[in-house]
Amino acid sequence: MSAASTSSKEKEETAIAAPLSSAEVEDLYAHLPEHEAAILRCQTEVKPPPVSFFRLYRYATPFDLSILILGYFTSIAAGAVQPLMTIVMGSLTQTFTSYFSSNGITPEYFSHEVNKYALYLVYLGIANFVFSTVESFIHTDRGEVLASRIREEYLAATLRQNIGYFDNLGSGEITTRITADTNMIQEGMSEKVGLILTGVATFVTAFIVAFIKSWKLTLIIIGIIVLLIGGFMVISGFMMSWAKKSLEGASVGSTLAEEVFASVRNVQAFGLQERLAKQYDTYLVITEYAAFRQGLCLAIMIGWLWFCIYSLYALGFWQGAHYLTEGSLHVNQIITVLMSMLIGAFSFGQVGPNVRNITNGVTAAAKIYATIDRVPPIDSHSNAGEILSSISGDIELHDIKFIYPSRPDVTVLENMNLKVPAGKTVALVGASGSGKSTIVGLVERFYLPVAGQVTLDGHDTAELNLRWLRQQISLVSQEPTLFGCSVYENVAHGLIGTEYESAPEEVKRKLVIEACELANAWSFIQTLPEGLETNVGERGFLMSGGQKQRIAIARAMVSNPKILLLDEATSALDTKSEGIVQQALDRAAKDRTTIVIAHRLSTIKNADLIVVMSKGKIVEQGTHNELLSLNGMYAELVENQKIEKEKDPKSAGVKSDDEFVEKGLEVQEDSHILDMIRTKTKQSVSSAKVKPLDASTKSYSLPALVKLIYRFNAPETKIMIFGICCSIINGCAYPTQSVFFAKCVSAFEYPVSEYARLKSQINMFSGLFFMLACVQGIAFVLGVGALSYAAQKLVRRIRYESFRQMLRQDISYFDRDENTTGALTTVLSTDAQDVEGLSGATFGQILNSLVTLFGGMILAIAVGWKLGLVCTACVPLLVSAGFGRIRVLAKFQERAKKAYEKSASYACEATSAIRTVVSLTREEDVYQTYKASLNQQVKDSRVATMKSSLLFGVAQSLSMFITALAFWYGSRFLRTAEYSVTQYFICFVAVIFGSQSAGAIFSFAPDMGKAKHGAANIHRLFDSLPIIDAWKKEGIVPEKVVGDIEFRDVHFRYPTRPEVPVLRGLDLTVKSGQYIALVGSSGCGKSTTIGLLESFYLPIHGQILLDGQSIHELNINAYRQQIALVQQEPVLYAGTVKYNISLGSANDVTDDEIFDAARQANIHDFIMSLPDGYETLCGSKGALLSGGQKQRIAIARALIRQPKILLLDEATSALDSESEKVVQEALDKASKGRTTIAVAHRLSTIQKADIIYVFEDGKILESGTHQELLANRSKYYELVQLQALEKTA
């Protein structure tokens, strides 16, 4: 492949739509006149607002703020308690030195003083427990409350945006924002804030204590503090910029993942798993690079912190000794200043990792607030605009010029003038891309025209209230969107905004049933297991295309709208249903303004006016008969769709066509569209579904999870070992420091006569402190840097492998309720991120704390075993309190994840069907449902938060009690001179900071809880092995495929609906090279037959054979390579046209092969007419192309594969007549020499098939050629009559 084509391929694979910045917007519209550019710019532009930490709290009410102020106060109080301990310790040191320098203090007085100060420590411990518990509860609880408000506001703001905004935004990005990003905001304003405040309060209080004790010594130390804070500010700036870049990469990757999961059948049919996984990885690389740079900044920040801290001691002891020898300071002042600074600096050290959560939260908030603050130019939330008291329904387009904001190089409509009289039906026909659907979008006010106006009864629609306007209109679109609730709820959504919105249940139910009867949906709904209460599945996946379409029509009809917009409303229906629904729509269209877009011309021959469009202009208009008489473009379209009449009709005694059709319609009123059997038990449909696999409820031990994570991180073993070694060196700092500290304290006991010796010893240990500062600084930078590198590799690998593992699953996995597109996208976003909570900087900090803890214990026991053992015996108390908290948090995380996954999935479903949501004015309804779900979750989590906070308080305060014990018990050995002051201080400093360090481990308990939960989810995913496994190498690889296909007595039920039989003994034979067609009612098993041929599912009984070999004995990938599938709803991915076509082939393809496939699919000329040709972006899910254009690209993708077997599931349903004729010819040509199976409702497309199989009730009712079946005068004959296109009487 040439360098040029390689670079173009790279361009394709990284081209995914993202929200446009102001600079990009300017550049896009530079070639347009300023007023046009301004109209387009306002529809897509997003200005990120400035976000500071305090802006995170913008949704806090006065009540929240008062509680938060209490939380801040308790955090500060909890932080202030610890430095007060240094005053006690200073006094004790004075007592010790006085006692040992024979100042006449009796042992009894010495014991009395020590006991008094030990009690003070117990009181401080109790205060610490109360303050820590309260602050932890308040911050965690309010963090959750405020984050849920941000989630609500974000969803409300997203639903309020104009459609142009969504053209540059993937729905996966919205899922990421509402889950991962709001989680970051929650962390940025919950317990981490409390920990930072506590750390800062400890530092400040320690500073004040030190300043009071000796302002001179404290002021000298300030220089290092200033350096420390200055360094922090510079480094955190870099951290925020890298965090932002990391988030951008992650959200774009999520958009791709969401697209892939939503089209998983297409992915598996074309074997795209590995290619799409590699493309997903390109975004993971961007995220990894930025996140590692962020981690490196953190490493430098922590290294700089510890370098400054130990330099501070070196300077403090050296200068303190100088003042002591001058006589300007006493020992207790030096010790109090240094102990205060020691505790203060240690607490400031704990601030570092938590600051990262704040910066992440602020960065994530910038993106979310940008959407919340964006006021769209077409605002469905606004109450502005006129509301007319009554309307007749006159719609007029005056001199409309229209350009899509996302495709500013293409003018879609130019000087368009169209009048739709009130109560009349106007049909729009013409080639794909001629602007038909655009007119519907303008009537619904999805977009702003760049010139001209749309009027309703003479009023400019731009001046009318938007919500009111949309409530007067009902829209049924080409690809109907249902929501994951019952049939009843889906239809009832159509009542929003009407007088019946709040009507009693029985009134609403009556209206819903009437609408279902009108839409010819009632008969099949009655056969569903739970009738109207049957759940339709996510995006309606449990319903066939025709059933979805009829429910959508019922939803449109239930509100009795003044204006009806039908954008290919019957394209997914079989002929018989279409005839009945068409009659229903014709009845419904009476006395209301109706605009119909249709490619199947038989559906619009009775329209009052037919408007023929081409390239954004009206070519001709008139009634069906008038246009046929003109013999122009419309007449040609009709000719293309005519069905060959029966030759040599048999006996004359046969009833006339009209009579037959009338009888057929009356008698057979769709009683068997889908014969679903009601379950005999009273079981609900959900409980009767296939039970999820055991793996979904399996729990895992901690070693099993660690082993799994290590497996992902194995390539970085050396780097991790290096990072671990550095963390161990860092952990050894405290025990080392305890020796240096004790030696310095003991040196201060020298009398005046030995001040030279004192200075010599202090100078030596100050030098050693500075050496420790250098070692720690370097070890932290290298250690945390290495572990951050390993952590980002881990996150990337987990996401990549999880994505591959998900795509490995068979289709039944994706049919399950728990595996919705939103839920799977959320798992990818958050679980890998959660596992990072136990790696990188956090892992380094935990390891460092453990080494400090055990190192301190060992040193204490070695130096003074009695005191060391007593203190060490208290450590298990600390550990059990901390682990108790982790356990509570892990359970809490699990419950929260389920609740948030469900609400995130709901939000994802709503935003990915945004056109349907806004046309139904469901914004408020969706918002309220989502809000209720979040509020319930907040309530449920409160008890767990309280338990966790109590255990945190215990863990935090225990170190005080241990210190009191150490003083009280250790003083006994000092009193009897069994221990020297040096021994005492080594034991004391090593254990007290060891126990403080253990407390620090438990501040990471939430991260550990999340990490354990995330790792368990990942383990569960990797344990899930599909029955039909695309990774399996076993199976026979077919050598020379002839193309003979046979179904032998195949029975099938969907795994998620085992009570509903779909195929009931299907027998079907297709010879090599034959073109066979499957026709029949919706839900009779045609698409299921295609799915079984693609090996998406296993039949319950019977065999499917290819060339006499069972397809389940063949290697699945080798088998699927022989097949190409073109689906009813075409699936394209964000990327270029060229990239989308190239996905059809497993091997690299040349440009010439791509052009050839495009020519065969009749799309080449159109692509070349686009400004960027084959490099034109298709947008998320191909949103920037019309239905017909998408379908032809999908056909080109199938043809480039050069398959032996071609499966066409309604492959031409979205095409206009002109394109359909050429594509049909191309498909006829393409099917030569290969076996072709076509599912079709438009019978003109399959009349030349070698055999036509008519399905009914999951079996073959009749089969034969077009002429043979016409002669049979049975079901096929009836279907043909319904699609006749001759002149109407």
Side-chain angles (χ1 to χ4, degrees), residues 1-17 256 259-260 263 266-267 269-283 406-407 409-410 432-433 1120-1126 1130-1186 1188-1204 1206 1211 1215 1219 1222-1223 1225-1227 1229-1234:
M1 200 184 262
S2 67
S5 66
T6 307
S7 69
S8 74
K9 188 163 185 180
E10 281 168 15
K11 179 183 168 188
E12 288 156 14
E13 297 208 346
T14 53
I16 279 196
L256 173 71
E259 281 189 356
V260 170
S263 63
N266 198 66
V267 172
F270 282 92
L272 301 177
Q273 294 97 322
E274 289 304 317
R275 287 179 71 178
L276 290 169
K278 284 197 178 88
Q279 189 186 340
Y280 180 62
D281 197 37
T282 57
Y283 304 111
S406 47
R407 288 218 320 262
D409 300 321
V410 181
S432 290
R1120 282 182 181 155
Q1121 274 171 15
Q1122 311 299 324
I1123 302 174
L1125 170 68
V1126 183
V1131 173
L1132 299 186
Y1133 300 99
T1136 63
V1137 171
K1138 182 177 166 185
Y1139 165 67
N1140 269 288
I1141 295 175
S1142 72
L1143 286 176
S1145 173
N1147 311 312
D1148 288 337
V1149 286
T1150 63
D1151 287 357
D1152 289 340
E1153 287 175 297
I1154 289 172
F1155 300 160
D1156 189 45
R1159 280 193 195 95
Q1160 287 181 56
N1162 182 35
I1163 188 80
H1164 178 73
D1165 294 341
F1166 166 73
I1167 296 169
M1168 295 308 285
S1169 72
L1170 294 170
D1172 294 331
Y1174 278 84
E1175 299 302 323
T1176 302
L1177 292 176
C1178 298
S1180 174
K1181 297 180 189 166
L1184 303 181
L1185 299 168
S1186 74
Q1189 291 156 0
K1190 285 197 283 188
Q1191 192 63 288
R1192 283 180 284 164
I1193 290 171
I1195 291 168
R1197 179 175 61 200
L1199 295 179
I1200 203 167
R1201 202 171 173 76
Q1202 298 180 333
K1204 288 284 183 203
L1206 192 57
L1215 302 183
S1219 305
V1222 189
V1223 172
E1225 283 171 11
L1227 288 174
K1229 196 163 62 188
S1231 63
K1232 292 281 183 290
R1234 58 173 62 110

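Computed from a predicted structure; not experimentally measured. Every heavy atom of this structure was used, including side-chain atoms; hydrogens, water molecules and symmetry mates were not.
- With sequence neighbours left out, the side chain to side chain donor-acceptor pair (under 3.5 Å) criterion links E274 to R804.
- In this structure the side chain of Q1122 never reaches within 4.5 angstrom of the side chain of P1203, judged on heavy atoms.
- Checked by atom type and distance alone, the side chain of R1201 pairs as donor or acceptor with a backbone atom of I1123 at under 3.5 Å.
- For the atom pair CZ of F270 and CZ of R275, the computed distance is 11.0 Å after rounding to the nearest 0.5 Å.
- K278 contributes atom NZ, which lies 12.0 Å from atom CG of L272 (distance to the nearest 0.5 angstrom).
- Between D281 atom CG and L276 atom CG the span is 12.5 Å, to the nearest 0.5 Å.
- One finds the CG atom of L1125 at 9.0 Å from the CG atom of L1206 (value rounded to the nearest 0.5 Å).
- With sequence neighbours left out, S406 forms a side-chain contact (heavy atoms from CB on, under 4.5 Å) with D167, N168, Y404, L1184.
- Rounding to the nearest 0.5 Å places CG of L1143 at 9.5 Å from CD1 of I1200.
- Counting heavy atoms from C-beta outward, N1140 and V1137 have side chains that stay 4.5 Å or more apart.
- Between R1197 and L1132 the shortest side-chain heavy-atom distance falls below 4.5 Å.
- Counting heavy atoms from C-beta on, the side chains of D1151 and K1138 come closer than 4.5 Å.
- The CD1 atom of I1154 lies 9.5 Å from the CD1 atom of I1167; values are rounded to the nearest 0.5 Å.
- Here D1156 pairs with Q1160 under the side-chain contact (heavy atoms from CB on, under 4.5 Å) rule; sequence neighbours left out.
- Taking all atoms of both residues into account, the shortest heavy-atom contact from A1124 to A1198 is CB-O, 3.6 Å.
- Every side chain to side chain donor-acceptor pair (under 3.5 Å) that S263 has, sequence neighbours left out, goes to Y1133.
- Looking at residues two or more places apart in sequence or on another chain, you find a side chain to side chain donor-acceptor pair (under 3.5 Å) between E1153 and T1150.
- Scored by the ring-ring contact (aromatic ring centres under 6.0 Å, His included) test, F1155 finds H1164, Y1174 as partners (sequence neighbours excluded).
- The shortest side-chain heavy-atom distance between T1176 and T1136 does not fall under the 4.5 Å cut-off.
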